[in-house]
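Sequential numbering from 1 along the given sequence is applied to the chain's residues. Just so it is clear, the structure is predicted and the values come from calculations on it, not from any experiment.
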Amino acid sequence: VREVFAAVAAACGTTATEAPEHVVRAALSAHAADIMRRDVALRAPRALSLGWSPRHPDIAAGVRAAHAQWRAGREAS
């Protein structure tokens, strides 16, 4: 998780910092805070069986491209 946060922060032009859980929960939704605590890999067997594959299978490596895609979508709206 730290590697992903560091990559996301770098893509956004900032740095990642750690904070106590109560501070994170106050800033994010409870669901987002719970997901961050778990550090789990998600699988999508149904999507994979239909031939789908993630555009960025390694999010830490693909975060810059994913962030650029997200920004382009927001700017087009």
According to salt bridge (charged side-chain N to carboxylate O under 4.0 Å, His left out), who are the partners of Arg71, at least two apart in sequence or on a separate chain?
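So Arg71 forms a salt bridge (charged side-chain N to carboxylate O under 4.0 Å, His left out) with Glu75.
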Could you pull out all donor-acceptor pairs under 3.5 Å where a side-chain atom in residues 22-30 meets a protein atom, sequence neighbours excluded?
unit_1 : atom_1 : unit_2 : atom_2 : d
Arg25  : NE     : Glu21  : OE2    : 2.9
Arg25  : NH1    : Asp34  : OD1    : 3.3
Arg25  : NH2    : Glu21  : OE2    : 3.4
Arg25  : NH2    : Asp34  : OD1    : 2.3
Ser29  : OG     : Ala32  : N      : 3.1

Per the salt bridge (Lys or Arg N to Asp or Glu O under 4.0 Å) rule, what does the pair list look like for residues 50-60, sequence neighbours excluded?
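Found none.
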For residues 6-18, which residue pairs pass the salt bridge (Lys or Arg N to Asp or Glu O under 4.0 Å) check, not counting sequence neighbours?
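For residues 6-18: Arg2-Glu18.
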Identify the two heavy atoms, one from Ala16 and one from Ala9, that lie closest to each other, and give their separation to 0.1 Å.
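Ala16 and Ala9 have their closest heavy atoms at N-CB, 3.4 Å.
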Give me the atom names and distance for the closest heavy-atom approach of Arg64 to Ala11.
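Looking at all heavy atoms of both residues, the closest pair is NH1-CA, 3.7 Å.
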So, using side-chain contact (heavy atoms from CB on, under 4.5 Å) as the criterion, who are the partners of Ala68 when residues are at least two apart?
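Listed in chain order: nothing, the list is empty.
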Sequence neighbours excluded, which residues qualify as side-chain contact (heavy atoms from CB on, under 4.5 Å) partners of Ala66?
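Expected list: His56, Ile59.
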Just how far is it from atom CZ of Phe5 to atom OG1 of Thr17, taken to the nearest 0.5 Å?
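Interatomic distance, Phe5 CZ to Thr17 OG1, rounded to 0.5 Å: 10.5 Å.
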